[in-house]
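Counting begins at 1 with the first residue of the sequence. The figures here come from the full heavy-atom set of this structure, side chains too, leaving out hydrogens, waters and symmetry mates.
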Amino acid sequence: MKLFNLYIVLTCLLLLNGLNAQQTPAKPQSEPITIEGATAHLGNGKVINNALIMFEAGKITFIGSANTKIARKGKIIDAKGKHVYPGFIIPNSTLGLVEIDAVRATDDDAEIGTWNPHIRSLIAYNAESKVVESMRPNGVLLGQITPRGSRISGTSSIVQFDAWNWEDAAVKVDDGIHMSWPNNFTQGRWWMGEDPGLKPNKDYSKHTKTLADYFDEAKAYLNSNKQPKHLPFEALAGIFNGSKTLYINVDDEKGILDAITFIHSHNLKNVVLVSARDAHMVADVLKTNNIPVVLNRVHSTPNKDDDDYDLPYKSAKLLVEKGIKVALQANGQMERMNTRNLPFYAGTVAAHGLDKEVALQLITLNAAEILGIDDAYGSLENGKSATLFISEGDALDMRTNKLTHAFIDGRMISLETHQTELWKRYSGKYTNE
């Protein structure tokens, strides 16, 4: 009987070992690290050829030319012929909130109800997600974890992608609240015998008024004795005093203009437009109001029949040329899986007219500035976090984006995932290795 029980235990251990668990998070940086000889793309539009980068205790202590006569410290990584980049940043993502779409128990990206500003995505974030793990081999090292659904879906937080739990992962807690602007058009309900095409939303004005009334009620509550306690209104306080950012998901031209009117009528200080499909049509208004934009997935098709065929590819260029701060996201179908393509979205933008180093900014410094973490992340500068990676080639090109090393806050993280294991396994099958 004892031997039988021992057999059961050993079998269970073997099975558990075969589940390919998340890689163990890296330990804190224990010695200085020097990267020498690479081409450093700083993330702020500048490039240093034959660069020297040193970091210690998780912070960059030197960045400049490798010809500089300065003592190299600690472990030296020879990166001649390679490229160094700041860690890429994904805004407006549900990474870590859903693991398998078809398994309801792994889906925690939305709450019931219409008004949920007090719902915090951070506490639902799964730091051991295999989907999150698969972002790192492409250089996506940080993200804004954002709830979905409802008129006001909740509060996002920013995390780094190598952690034991959500507390360890947190970089900026409760950075902003996400709201969906009412649609000007509705889809016909074909199952009810209606034309399946788009038609004007007859309730648009009513929905926008309801939204305005909700904000008025919240402001009145916050200026009162706050009794009885109202958690959703309490959560909106940061929007009114400027300590949090309001992210407005809106696409069409009229919706964008109405949202800007809404912003002014409620004296909202920090606002970002998300998705913003028609932003190029009102670019001058956005520039005048100094409103940044997080554009929807670049690899998509035009929305209107008379749109240019390449509009999704060049929208970022049109906005950047107007002086608007732009970042890229991966929202849409299979958004979590598509997030690993974030650098290639920037590559597509560069292929359609935007300078490559400017395109890089859309997923590094611009994203960091929009999310309010640019004091530590988004670019390679002295005193900033050593969150960076080394690639064998151009990281914006899927053919050459091959990471050899990656660091988050100076910690050398694992680039092994269940996907890299499968890649090696099946590569061996066809190469007879």
Over 12 non-hydrogen atoms of neighbours within 6.0 angstrom of NZ in Lys269:
yes
Do Arg72 and Glu36 sit within salt-bridge range, that is, some charged N less than 4.0 Å from a carboxylate O?
yes
Sequence neighbours left out, what passes salt bridge (charged side-chain N to carboxylate O under 4.0 Å, His left out) with Lys317? Give chain and number order.
Glu321
Would Lys314 and Asp308 pass as an ion pair if we require N to O under 4.0 Å?
yes
Mark yes when over 12 heavy atoms from residues, nucleotides or ligands other than Lys322 sit less than 6.0 Å from its NZ; otherwise mark no.
no
Between NE2 of His178 and CD1 of Ile119, what distance do you get to the nearest 0.5 Å?
13.5 Å
Would you say Leu97 and Arg336 make side-chain contact, with heavy atoms under 4.5 Å?
no
Derivation and outcome, side chain to side chain donor-acceptor pair (under 3.5 Å), residues Tyr247 and Asp175
CA-CA 10 Å; Tyr247 295 88; Asp175 72 294; 3.2 Å; yes
Walk me through whether His118 and Thr155 qualify under side chain to side chain donor-acceptor pair (under 3.5 Å).
CA-CA 7 Å; His118 57 303; Thr155 301; over 6 Å; no
May I have all residue pairs that pass ring pair (Phe, Tyr, Trp, His ring centres under 6.0 Å) and include part of residues 71-105, sequence neighbours excluded?
His41-His83, His41-Tyr85, Tyr85-Phe389, Phe88-Phe389
Is the shortest heavy-atom distance from the side chain of Asn116 to the side chain of Pro147 under 4.5 Å?
no
Would you call Arg277 and Asp252 a salt bridge, using N to O less than 4.0 angstrom?
no
Going by salt bridge (charged side-chain N to carboxylate O under 4.0 Å, His left out), name the pairs with one or both residues in residues 358-387, residues two or more places apart or in two chains.
Lys325-Glu369, Glu381-Lys384
Are Lys229 and Glu234 ion-paired here, with the side-chain N under 4.0 Å from a carboxylate O?
yes
Centroid-to-centroid, Tyr214 to Phe233, below 6.0 Å?
yes
Would His299 and Thr348 satisfy side chain to side chain donor-acceptor pair (under 3.5 Å), going step by step from the backbone distance to the final call?
CA-CA 8 Å; His299 293 170; Thr348 298; 2.7 Å; yes
His266 and Phe262 aromatic ring geometry - parallel, tilted or perpendicular at 30°/60° bounds
tilted
So that I can tick it off, tell me whether Arg399 and Asp397 are bridged by a salt bridge, with the cut-off set at under 4.0 angstrom between side-chain N and carboxylate O.
yes
Are side-chain heavy atoms of Leu52 and Ile35 found at a separation under 4.5 Å?
no
Assess the pair Phe62 and Phe55: is the distance between their ring centroids shorter than 6.0 Å?
no
Ser275 vs Asp251, test: side chain to side chain donor-acceptor pair (under 3.5 Å). Steps then yes/no.
CA-CA 6 Å; Ser275 192; Asp251 270 321; 2.7 Å; yes
